[in-house]
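Accompanying notes for the structure given below.
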Amino acid sequence: MVDDARTQEFVEYVQSGGQVESTDWMPDEYRRRLIKFIEMHANSELMGVLPERDWILRAPTLQRKLALTAKIQDEVGHAQLIYRIVEDLGKPREACLDDLIAGTSKFHNVFHYPTRSWGDVGVIAWLVDAAAIVSQKALLKTSYAPYARIMKRVCWEESFHILHGRDVVLAMVNGAEGQRALVQEALDRWWEPLMMFHGTPIPAADDPLYYWRIKSQANEDARQEFLDGYVDQILELGLTIPDPKLRRTAAGTWDYTEPDWEKLMAVVSGHGPASAERIAFRALSRAEVEWVSRVVLAEAA
Amino acid sequence: MPDLVFEVFRQERKGKPFEHAGSFRAPDERAAEIYAREFYDRRHESVRLWLVPRSAIHPLEDLPDEFDTSYRRVDGYSLKSRLREARERAGTLDSGSGGEAA
């Protein structure tokens, strides 16, 4: 993987905890991997608002409508900040948005699924955001310093999302039988994508993203941290997790049914149940607001 | 594309130093103000923002300490062994007064 002394020195630097700024020299391989990884993150922030925006008009109260709108606005803001990081690495935002629509770049698996009820809104904001924050907290230690600094702000804002989601879920499990059933039904559908969220259990030693310290945590460690933090919180509400194999071992780790990793690969490469619809919607909104940027830029010119 | 990159610095409370918060792209200063409020002030977590066109920043990144300048800093002075010797000579080593030296 390493072909010259300068690269070797760089690898030793990042592996011993060193941080890199945008204007520092970096190996092409490191830059390429950073762009791909961070671009996928930004894409996910942008695509992640689509399942939730469907529920703004259907939110049950004004307060919920305001909170959901604020969360969506945060996620789009995160996309803006994270695309800026990619731009400073050399790939313009327009190129990222083009590739997203063309299907040549990826976004997270959980945003390829449809939503069916208000229960989904609670489960997404609580548990999808919880899974995301496990990864994002680990990214505070990434070797690429501008990304680490932006993650600090992102994590701070995400903590409100989790609380908001948990509040929605609590209101529903304390409500009528039908409301509780909606939460359970949403959890039944979301559990598999949640278990896939942190990726295949590739050991850190074999993961190129870990080699460059773009990531600071192995996929399986992230999944275990998520299970450790949230399984008890789900069960204490009287909800059922749809995995008969799920249990905490004597060693303190979690056993679970191995997700179908080929299915994950199919989903993130654009073959999920809502992939085509979401990408088409993104293309439509881009086309619809194109005149705005033309006007703003013409005025400024 | 006439876009400029603006670097954002934020002050969390009056009297605190400004800290770099991130950056964004905007076509001009008027749009920059709108974007700054949108991207960096949604929760009013700052009392003041500075928007600086990146082109106005003159970075100096080559700042080597070619000569040892530690004599200018407190970490350039280790008094411990000298103070111990002085106390031994003065016969005050066990009196326990005078505080610990670095």
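Keep in mind that the numbers below use all heavy atoms, side chains included, and drop hydrogens, waters and symmetry copies. Just so it is clear: chains get the letters A, B, ... in the order the sequence lines come, proteins before strands, and each one is counted from 1.
For B:Tyr35 and B:Phe39, the ring centers sit closer than 6.0 Å to each other.
With a 4.5 Å cut-off on non-hydrogen atoms, A:Glu21 does not touch chain B at all. If you measure heavy-atom distances from B:Glu38 to chain A, the contacts under 4.5 Å come from the side chain alone. Of the two parts of A:Tyr83, neither the backbone nor the side chain holds a non-hydrogen atom closer than 4.5 Å to a non-hydrogen atom of chain B.
Nearest heavy atom pair, residue A:Ala42 against residue A:Ala79, reads O-CB, 3.8 Å.
Side chain to side chain, A:Ser22 and A:Asp88 fail the donor-acceptor criterion of an N or O pair below 3.5 Å. With no hydrogens or angles considered, a side-chain donor-acceptor pair links B:Ser23 and A:Arg84 at under 3.5 Å. Between the side chains of A:Ser143 and A:Arg213, no donor-acceptor pair of N or O atoms lies under 3.5 Å.
Ranked by heavy-atom pairs under 4.5 Å with chain B, the first of A:Asp74, A:Asp24, A:Val76 is A:Asp74. Residue with the most contacts toward chain A among B:His20, B:Arg30, B:Arg54: B:Arg54 (heavy-atom pairs, distance under 4.5 Å). Residue with the most contacts toward chain A among B:Glu29, B:Glu45, B:Glu61, B:Arg43: B:Arg43 (heavy-atom pairs, distance under 4.5 Å).
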